Amino acid sequence: MQLRIQYRVTLTPAQRIHAARVFGCRRVVWNDALAITKPCKLSNKRLGNPRHRAAEGPYWAIPKAAELGKLLITTAKKTPERAFLADAPVGVLQQTFRDLDRAWKAHEDSKTGKRPGPRVQPPRRKSRKDNRQTARFTNSDRFRLLGDGRLRLPKIGDVRVKWTRDLPSTWVSPGSRSSPTARTSPHPGTCGGQRRS
């Protein structure tokens, strides 16, 4: 079982710029991946269930996270149009594909009744005008807690954290989120971590 704990972080003006770049890179990768997977999903939906075909035509293979990573991160970084993706940690960008897979699964499970509760809409494009930006760091990003209580986030820097409670064990994946209140608050965002209990 995992427990989510949220803390408030304070970013310097330079760290805000770096965080905005990380959020922006993640948003671009999400939108690029959605532009590839959504047409495949819609085409397969029109054909219907393989046992009860509603139309004729080939089923499209949905690209896996590894394939999308090679295409939208590794190869894209070498192009002038997507060279800015180097401003974000690779783990954050790869986590985007897992989040997109999870969003599709939640949508499909809610349609079939496997997921209780209200119906979940399919994933949508992320807008730069949306104030709710998130990024999750993985162990491969080498985040760490410093001795003075600050948290070192790759490509952002050492951020000050307002510790409201102690961490009983190590973090599994810290995340950074910018919320609408971050514009007027002296503490522009929260940093959450998941721990194994």
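Quick caveat: nothing in here was measured; it's all calculated off a predicted structure. Side-chain atoms are counted along with the backbone in the values below, which use heavy atoms only and exclude waters and symmetry mates. Heads up: numbering here begins at 1 and tracks the sequence.
When all heavy atoms are compared, the tightest approach of L151 to V161 is CB-CG2, 3.8 Å. Across T112 and D109, no two heavy atoms sit closer than the pair OG1-O, 3.3 Å.
The hydrophobic cluster containing W104 also includes W30, L34, L100, under a criterion of side-chain heavy atoms closer than 4.5 Å among ILVMFWY residues, counted directly or through chains of members. Hydrophobic cluster membership for I36: V28, V29, L68, L71, L72, I73, F84, L85, L93, F97 (Ile, Leu, Val, Met, Phe, Trp, Tyr linked by side-chain heavy atoms under 4.5 Å, directly or transitively).
A donor-acceptor pair is defined here as one N or O able to donate and one able to accept, closer than 3.5 Å; such a pair exists between the side chain of S110 and the backbone of V120. Looking at K155, its side chain does come within 3.5 Å of a backbone N or O of A86 through a donor-acceptor pair.
In this structure K70 satisfies the salt bridge (Lys or Arg N to Asp or Glu O under 4.0 Å) test with no other residue, sequence neighbours excluded. With sequence neighbours left out, E67 forms a side-chain hydrogen bond (donor to acceptor under 3.5 Å, both in side chains) with no residue at all. With sequence neighbours excluded, no residue satisfies side-chain hydrogen bond (donor to acceptor under 3.5 Å, both in side chains) with R27. Remark: T12 pairs with A14, Q15 by the side-chain contact (heavy atoms from CB on, under 4.5 Å) rule, at least two apart or across chains. For R150, the side-chain hydrogen bond (donor to acceptor under 3.5 Å, both in side chains) partners at least two apart in sequence or on another chain are D148. Residues that satisfy the side-chain hydrogen bond (donor to acceptor under 3.5 Å, both in side chains) test with D158, not counting sequence neighbours, are R152.
In this structure, CZ on R160 lies 13.0 Å from CZ on R8, to the nearest 0.5 angstrom. To the nearest 0.5 Å, atoms CZ (R119) and NE2 (H107) are separated by 6.0 Å. To the nearest 0.5 Å, atoms NZ (K162) and CD (Q6) are separated by 14.0 Å.
No more than 12 heavy atoms of other residues, nucleotides or ligands lie within 6.0 Å of NZ in K105, so this atom counts as exposed by the packing criterion.
The side-chain heavy atoms of L153 and V159, taken from C-beta on, include a pair separated by under 4.5 Å. V22 has its side chain out of reach of H18: every pair of non-hydrogen atoms, C-beta onward, lies at least 4.5 Å apart. Counting heavy atoms from C-beta outward, I156 and F143 have side chains that stay 4.5 Å or more apart. Side chains of R128 and D130 form no contact here, defined as non-hydrogen atoms less than 4.5 Å apart.
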side-chain contact (heavy atoms from CB on, under 4.5 Å) between W163 and L145, worked out: CA-CA 12 Å; W163 300 104; L145 190 60; 3.3 Å; yes
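Here side-chain hydrogen bond (donor to acceptor under 3.5 Å, both in side chains) pairs that include residues 78-101, with residues two or more places apart or in two chains, are R26-D99, D32-R82, Q95-R98, D99-R102, D99-R136.
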